Amino acid sequence: MLSKTRKRIELALRYPLCGILIVWSILPIVWLISTGFKPPGEVQSWPPTVFPTHPTLEHMFSIWSKYQAGMYLRNSLIVAPIATFLAVAIGCLSAYSIVRLKPKGGDVLTVLVLVLWMLPPVSIIIPLYLIFSTAKLVDNVLALIFAYQVFAVPFSVWIIRGFLQELPEEFEDAARIDGCSRLGAFSKVTLPLLAPGLVAAATVVFLLCWIEFLFALVLTHSLRSQTLPILSQAASMSDAGVLWGEIGSIGLITIIFPFVIVLFFQRYLIRGLTMGGLKY
Amino acid sequence: MRKTRLISLVITGLFVSLIASSAVAKTLSKQEIVDKAKVFAGITLNVSMSGADIGFIQGAVSEFERTTGIKLDMMAVPDAQMYEKLMIGFMTGTAPYDFFDFMHRHKGGVAAFAMDLTELNAEYGFNVSDVLPLFRPLLYYPTDAGSKTDDPKIIGLPSDGDFHVFFWRKDYFEVTGLDPDTPPGDIDQLMQFAEQLNEKDLNGDGRLEYGFGPRMSRWGAHIGYSTVMNAFGVDWFYENWRPAINSDTGVEALQWWLSTRKFSVPNYQELSWPTMYEAFNRGDFAMMWNFTSTRQIPNLNPAICGISLPPAGPFGVPYNMTSGASLFAITKQSKNPEAAYLFLRFLTCPEIHKKLTLSGDGDIGVCYKYTLYDPEFQAEYMYPGSWKLVQKVCELTKDLVPAQPLCIPETKVLHEELDLRLSEAYSDQLTAKEALDKAAKTWADIMVKGGHYNPGAPSYDPAYRKPDIDGIYLK
Amino acid sequence: MARKSSQWLAYIFLLPLLAVIGGLIVYPLGTSIWIAFRDFNPMYGRSAFVGLGNFIQLLSQERFVTSITITCIFVAIAVPAEFLLGLGFALILYKNIPGGRYFRTIALLPYVTVPVVVALTFRILLNYRGGLVNYVMQSMGISPLAWLSHPRLALFSVVVADLWRWSPFATLLLLAGLRSIPNNIFEAAEVDGATAGQKFLWVVLPALKPTILVILLLRMIGTFKVFDLVYMLTEGGPGKATDLISFYIFQLGFRHWELGTAAAASYYLLLIILAITIVLLKRFKPT
């Protein structure tokens with residue numbers, strides 16, 4: 001009896017707390033999106049309005065026509081998926097090698113990967129720039145795809161390694177006894193079982209590539225290769241002042257894709273993050 | 001082959017300049033430029049241009065391609081990072097451009113990579129006198145305030161010109177009992193007005209409005225401050241390249257500038273030029289000085305906004321230290337400098353430049369006489385309501401004498417150091433004297449590294465002085 | 001024989017990883033060392049060998065020292081704050097209540113936003129005259145604050161933006177950690193008559209220790225690298241109040257072209273991160 005009332009009280013307390021949590025989490029996002037639909041005068045009006053009183057699609061149109069958001073979106077949609085694919089492929093191969101084939105020096109490599117992950121991007125951006133400029137890859141999406149491997153590969157190696165360690169080796173052994181080669185067992189048995197791990201790694205890495213700013217800032221010059229975060233930055237420092245409306249609209253475009261991931265791949269995202277974080 | 005061509009070019013150049021010095025040549029029209037450029041049909045030019053991706057410039061580019069047969073490979077660089085990107089490209093040899101644009105204050109950096117246009121200007125008859133006087137010194141390098149030289153070279157032709165003017169809200173003046181049509185005459189009066197206007201509900205929204213909006217955000221802090229230096233007659237350097245910013249007058253100037261904060265909107269640390277326009281339009285404060293941005297002025301309501309020259313300080317002379325321009329230039333490495341030059345002239349010829357300014361795309365301020373005085377331009381100006389304000393701005397340019405801008409390779413680093421120290425003073429982390437002393441110390445270190453104290457290095461020419469080069473300041 | 005072939009396969013599988021490490025990390029870091037030992041400035045064509053000159057000069061450079069100090073303060077405030085907020089949210093979300101699934105999704109949203117956009121959004125929210133935060137404060141009778149203009153407040157604002165963006169990460173890991181605590185431990189504690197607070201202190205926290213360590217470690221590394229937030233929110237101002245080290249190195253390298261000093265400074269940063277990581281790992285060795 002007593003514990004039932006206690007539970008009720010607890011529940012009654014929990015909802016207001018959840019309310020605070022939701023306001024904290026969602027308010028800046030709502031604010032950003034609604035800014036995209038406010039006419040210029042209303043962006044910082046007094047009193048501030050949560051929802052635009054005179055909603056306008058002006059900015060939504062102008063970012064495509066005048067500021068060519070389409071090109072930036074295209075670049076983002078080229079860079080992030082390809083970089084993700086590469087990183088997951090590399091991660092998958094090397095994690096399999098380290099966990100299952102146990103080569104000499106595998107442990108050292110694992111530690112090295114961890115060190116890479118700590119590397120501040122700013123400390124290699126200068127030499128990277130020099131390398132890409134000699135290779136004539138500056139202002140080319142390829143440069144970003146390669147550069148993103150710097151942080152994407154360590155992540156994917158760690159996540160996939162975690163998944164692999166959880167996967168019992170027996171299946172593979174059984175397949176090998178049945179006459180499968182190493183490669184055959186890898187591709188026919190381990191890879192399908194590892195699929196959730198690969199998806200998890202892909203969601204996390206895609207997110208990292210999608211939001212990346214410093215490399216994109218330095219390694220790209222123009223519409224040919226600049227990504228969406230750079231467009232937001234450009235809109236905040238344009239000749240015409242701070243284009244709040246456009247920033248809101250660009251922000252909306254930019255966060256749509258990660259939000260879709262959260263909606264449909266949330267399970268994988270969470271598993272990927274916890275796997276990358278908790279498995280040592 | 002190339003050498004003989006160059007020599008012949010030099011000879012023609014000398015010859016033409018001889019004629020030019022006796023009689024000012026006629027400004028080339030668009031058709032004449034196109035006719036000359038047709039010789040180069042079939043070649044491709046690499047062009048780096050900020051804002052090349054927008055509106056009218058695209059139209060002009062395709063017109064040039066169509067009429068001359070020259071192909072243009074356009075690279076649009078966002079203005080926010082234009083200089084950094086360009087310099088990295090030049091320094092690493094990865095900028096394949098024939099043509100590029102830059103802000104005049106980055107002249108010292110790009111000069112090493114920009115072609116001397118003197119010969120081409122002579123060959124194709126460019127009149128420096130077509131450029132409004134206020135912007136004319138900006139074309140030269142080394143400028144006088146770079147190093148003393150008898151032989152400054154034109155390294156770029158302007159596409160855009162801006163400078164600081166004073167803005168005030170007539171409606172707030174009226175509410176406070178001030179004459180809405182009389183701006184403060186000097187900085188003392190500015191302070192009086194600011195005090196009267198400060199912390200009152202001037203627009204009836206139930207909140208306090210403030211007297212003054214000083215440009216005090218960290219990045220570009222020196223730009224807002226240079227108008228103060230101008231008012232007190234503070235120069236950047238002494239003639240021996242020792243920093244002059246922390247002279248007694250310099251400290252006095254900064255102390256005055258800091259004192260304006262008493263009557264300023266409390267978030268003055270966030271005021272950069274665009275946010276100032278934003279705040280001024282919203283009515284946060286009654287007075288400010290800011291650039292004559294053609295993208296922003298049309299947003300102002302001419303009925304309630306007044307424009308004048310910034311109030312004079314003790315120095316009292318009508319110099320303007322903040323005239324600025326975007327310049328078009330040709331790279332030294334260009335294999336087709338003449339074709340690139342003709343594209344440059346095409347973009348700045350009377351017909352195209354007028355339309356460029358009228359289009360309102362990008363921030364194109366009036367910088368050529370032939371645009372300013374063109375009746376058609378005046379009649380057609382796209383913002384009929386604010387034409388008055390723009391016209392006022394244009395009239396003001398005639399009264400001003402430009403102060404020589406600081407243009408050495410180190411300019412940007414010097415400015416950023418000053419920005420930082422000013423910002424520290426603005427946020428009370430340093431006193432005026434400490435801030436300027438610190439800046440001056442770092443400046444001296446930078447100048448040592450740059451070799452400006454080496455024996456035989458050219459000395460600094462003061463920013464404020466009567467024009468002394470023939471042809472630069474044609475009245 | 002079989003062993004040998006699998007070794008070969010192992011190395012072939014590792015080739016792409018080695019290529020990434022070699023080409024994108026070891027080679028750049030090597031170049032960076034070469035640069036760090038030189039007075040390297042392509043703008044003025046300087047490239048003289050100076051040995052440890054850059055490293056020594058940095059230690060006496062006021063801006064570098066301030067920047068390191070500010071970064072350390074930033075990390076020292078932001079990381080525990082992220083953890084505590086994340087823990088709070090995890091405790092709220094832990095119990096299965098109707099609608100809990102949606103709450104968990106919403107709590108995750110900030111984590112998938114783009115930091116550049118977050119910074120700009122906070123610039124709108126924290127604006128002195130038109131921002132929501134000051135509006136709310138004013139309607140509660142508190143006088144408005146110039147959030148981005150006062151040196152201390154500006155650093156605090158960056159912390160808040162960082163907190164908003166990153167605390168869901170802590171929430172996420174802690175939720176996973178809480179879930180993995182076996183129920184019988186709780187029951188045993190309940191039988192012993194432990195109160196909620198005692199249960200938390202004596203059961204939950206020890207069980208969460210490895211998770212907590214991981215969060216602190218990962219977020220510390222991440223926070224030392226913060227660049228985009230300050231770049232867009234305060235640009236290091238006012239003064240050098242928010243000149244975090246990554247941003248300062250960026251300025252040195254890409255605005256002043258002092259590539260030698262910038263490379264040396266980035267080695268200091270790398271060493272600091274390494275040192276703290278090693279200390280943390282040694283201190284709380286995960287079981």
Side-chain angles (χ1 to χ4, degrees), chain B residues 81 83-85 87-88 90-93 108-109 112 205-210 216-221 261 264-272 275 278-279 282-285 409-410 412-417 419-430 435 438 441-442 446 449-451, chain C residues 39-48 57 61-63 66-67 123-124 126-131 134-135 138-139 143-155 157 230-243 247-248 250-261:
Chain B
Q81 327 141 14
Y83 178 65
E84 279 87 0
K85 295 276 143 110
M87 288 309 294
I88 297 181
F90 283 149
M91 287 186 301
T92 55
D205 68 349
R207 293 194 296 165
L208 299 179
E209 273 73 47
Y210 298 86
M216 287 190 176
S217 72
R218 173 171 161 191
W219 295 94
R261 294 178 304 168
S264 295
V265 58
N267 63 334
Y268 46 78
Q269 289 274 339
E270 288 158 56
L271 297 182
S272 62
T275 47
E278 215 172 80
R282 194 168 57 214
D284 291 6
F285 46 77
E410 293 85 358
K412 187 156 165 110
V413 184
L414 295 174
H415 279 164
E416 284 191 0
E417 170 67 16
D419 286 351
L420 172 72
R421 299 308 171 188
L422 287 174
S423 179
E424 283 182 286
Y426 299 163
S427 51
D428 287 322
Q429 301 178 76
L430 295 177
K438 279 198 173 182
K441 193 178 160 297
T442 317
I446 295 168
K449 276 196 171 176
Chain C
D39 178 15
F40 193 67
N41 187 323
M43 179 85 167
Y44 311 116
R46 284 193 265 112
S47 176
Q57 182 238 320
Q61 197 191 66
E62 173 214 354
R63 282 187 67 182
T66 320
S67 170
R123 250 166 80 182
I124 309 178
L126 295 173
N127 185 286
Y128 180 76
R129 292 273 296 193
N134 274 348
Y135 176 74
Q138 222 161 341
S139 32
S143 55
L145 286 172
W147 291 100
L148 301 171
S149 280
H150 187 279
R152 293 233 176 83
L153 276 179
L155 189 62
S157 304
V230 272
Y231 185 83
M232 295 311 299
L233 191 58
T234 58
E235 284 211 285
K240 41 188 187 319
T242 55
D243 237 344
F247 183 51
Y248 179 56
F250 175 81
Q251 288 172 51
L252 269 178
F254 286 96
R255 294 204 166 140
H256 300 176
W257 316 118
E258 294 293 350
L259 299 190
T261 331

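Treat the numbers as computed from the prediction; the structure is a model and nothing was measured. In what follows, chains carry the letters A, B, and so on, assigned in the order in which the sequence lines appear, proteins first and then strands, with residues in each chain numbered from 1.
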Report the residues that fulfil salt bridge (Lys or Arg N to Asp or Glu O under 4.0 Å) with B:Arg261, sequence neighbours left out, ordered by chain and then residue number. B:Asp428
With sequence neighbours excluded, residues passing salt bridge (Lys or Arg N to Asp or Glu O under 4.0 Å) with B:Glu209: C:Arg129
Minimal non-hydrogen separation, B:Glu84 against C:Phe254, with atom names: CG-O, 3.0 Å
What's the shortest heavy-atom distance between C:Tyr128 and B:Pro266, and which atoms? OH-CG, 3.2 Å
Looking only at heavy atoms, the pair that brings B:Arg282 and C:Asn127 closest together is NH2-OD1, 3.9 Å
Rounded to the nearest 0.5 Å, how far apart are CG of B:Asn267 and CG of C:Asn134? 9.0 Å
When the 4.5 angstrom heavy-atom criterion is applied to B:Phe285 and chain C, the contacting part is neither
Looking only at non-hydrogen atoms, find the nearest pair between B:Val413 and C:Arg255 and report the distance. CG2-O, 4.4 Å
Among C:Gln251, C:His256, C:Glu235, which residue has the highest count of heavy-atom pairs closer than 4.5 Å to chain B? C:Glu235
Against chain C, label B:Leu208 side chain, backbone, both or neither, depending on which of its atoms sit under 4.5 Å from a heavy atom there. backbone
Heavy-atom pair of closest approach, residues C:Gly239 and B:Glu424: CA-CG, 3.5 Å
Evaluate side chain to side chain contact (heavy atoms under 4.5 Å, CB included) for C:Asp39 paired with B:Lys449, printing each intermediate quantity in order. CA-CA 11 Å; C:Asp39 178 15; B:Lys449 276 196 171 176; 4.1 Å; yes
Heavy-atom distance under 4.5 Å to chain C: side chain of B:Phe90, backbone, both or neither? neither
Measure across B:Ser427 and C:Ser149 and return the closest heavy-atom pair with its distance rounded to 0.1 Å. CB-O, 4.4 Å
A side-chain contact here means heavy atoms from C-beta on lying under 4.5 Å apart; do C:Thr234 and B:Glu270 qualify? no
Quick check: do C:Leu148 and B:Gln269 have side-chain heavy atoms less than 4.5 Å from each other? no
Please check this pair: side chain of B:Arg218 against backbone of C:Pro238, looking for a donor-acceptor N/O pair closer than 3.5 Å. no
Taking only Lys NZ, Arg NE, NH1 and NH2, and the carboxylate oxygens of Asp or Glu, determine whether C:Glu62 and B:Lys438 approach each other closer than 4.0 Å. yes
